[in-house]
Amino acid sequence: MPRVHDVPMCRQLIDPAEWDLHGGWALGDRIEWSNRACGLASLRMILLAYGCEAPTVTELLKLAVKNEVLTPRGALHAGIASLATELGVASTAEPVPVEDLTRRLDDAPLIVSVTEQFPDDGRAGGHLVILRGYEDGPDPTIHFRDPSAWGQTHDRVPLSRVSASYTGRAVTFTPLIHNGES
């Protein structure tokens, strides 16, 4: 039976108090950075799911800037994987074909590149979310965590909808242990 991994929700919109407390102001505009923080918020959720110490999104942003993980278009998958590994969760940036997503989700959540809100109009990529499990069916239901505002009220879509906006690129993680079982 497929499993849905327990992944806590985090938002990419950085709280003003967190921004100030952790020196985010030195990076510039909080809202501008929040709009590019989907990968870092997703990384924070992964760290929490694996029981690791999880820096705030602002702290992760500062690490990402220091390690040149961010580009004008967003976070580099290899950079997210490198940060995850440094922070305690072995990780790799790699292509994962859509037909392999459910098999891969049996062992661990994935960070994948999709278009925000999973449109089926042919646009692909640009937004990072966590796929955390699925329910079997003719068009399996994918459970996800999306750090955007839309993702605060949406957590499932059919695989066909994921497929329509998925780039085929993912950040994969070591198997997640559940109550002593892998």
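Because the structure is predicted, anything quoted here is derived from the model rather than measured. Atoms considered below: every heavy atom in the structure, side chains included; atoms not considered: hydrogens, waters and symmetry mates.
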| remark: Here the gap from Asp120 atom CG to Ser160 atom OG, rounded to the nearest 0.5 Å, amounts to 8.0 Å

| Polar side-chain atom of Glu59 near backbone of His22 as donor-acceptor pair, under 3.5 Å | no

| field | Positive for side chain to side chain contact (heavy atoms under 4.5 Å, CB included) with Ser42, one of Ile80, Val171, Ile130 | value | Ile130

| Side chains of Glu18 and Thr58: is there a donor and an acceptor less than 3.5 Å apart? | yes

| message | Check whether Thr141 reaches the backbone of Tyr134 with its side chain - one donor and one acceptor, N or O, closer than 3.5 Å. | response | no

| With side chains defined as the heavy atoms from C-beta onward, is the minimum distance between Tyr166 and Leu101 less than 4.5 Å? | yes

| field | Rounded distance [0.5 Å steps], CH2 in Trp19 versus CG in Asp29 | value | 7.5 Å

| field | More than 12 heavy atoms from other groups under 6.0 Å of CD on Glu99 | value | yes

| query | For Leu159, does its backbone N or O pair with a side-chain atom of Ser163 as donor and acceptor, under 3.5 Å? | reply | no

| said: Using 0.5 Å steps for rounding, measure from the CG atom of Leu60 to the CG atom of Leu87. | reply: 6.5 Å

| query | Any idea how Trp150 and Phe144 line up, ring-wise: parallel (<30°), tilted (30 to 60°), or perpendicular (>60°)? | reply | parallel

| field | Nearest-0.5 Å distance, CH2 of residue Trp33 to CG of residue Leu13 | value | 15.5 Å

| message | Tell me whether the count of non-hydrogen atoms from other residues, nucleotides or ligands lying under 6.0 Å of CH2 in Trp25 goes above 12. | response | no

| message | Please report the interatomic distance CG(Leu105) to CD1(Ile142), rounded to the nearest 0.5 Å. | response | 6.0 Å

| query | Backbone N or O of His5 within a donor-acceptor pair of the Arg132 side chain at under 3.5 Å? | reply | yes

| field | Thr115 side-chain N/O to Arg123 backbone N/O, donor-acceptor pair under 3.5 Å | value | yes

| field | Asp146: which of His127, Gln117, Gln152 passes side chain to side chain donor-acceptor pair (under 3.5 Å) | value | His127

| said: Check whether Arg161 reaches the backbone of Phe118 with its side chain - one donor and one acceptor, N or O, closer than 3.5 Å. | reply: yes

| query | When rounded to the nearest 0.5 angstrom, what is the spacing between CZ in Arg44 and SG in Cys52? | reply | 12.0 Å

| Less than 4.0 Å between a side-chain N and a carboxylate O, is that true for Arg104 and Glu94? | yes

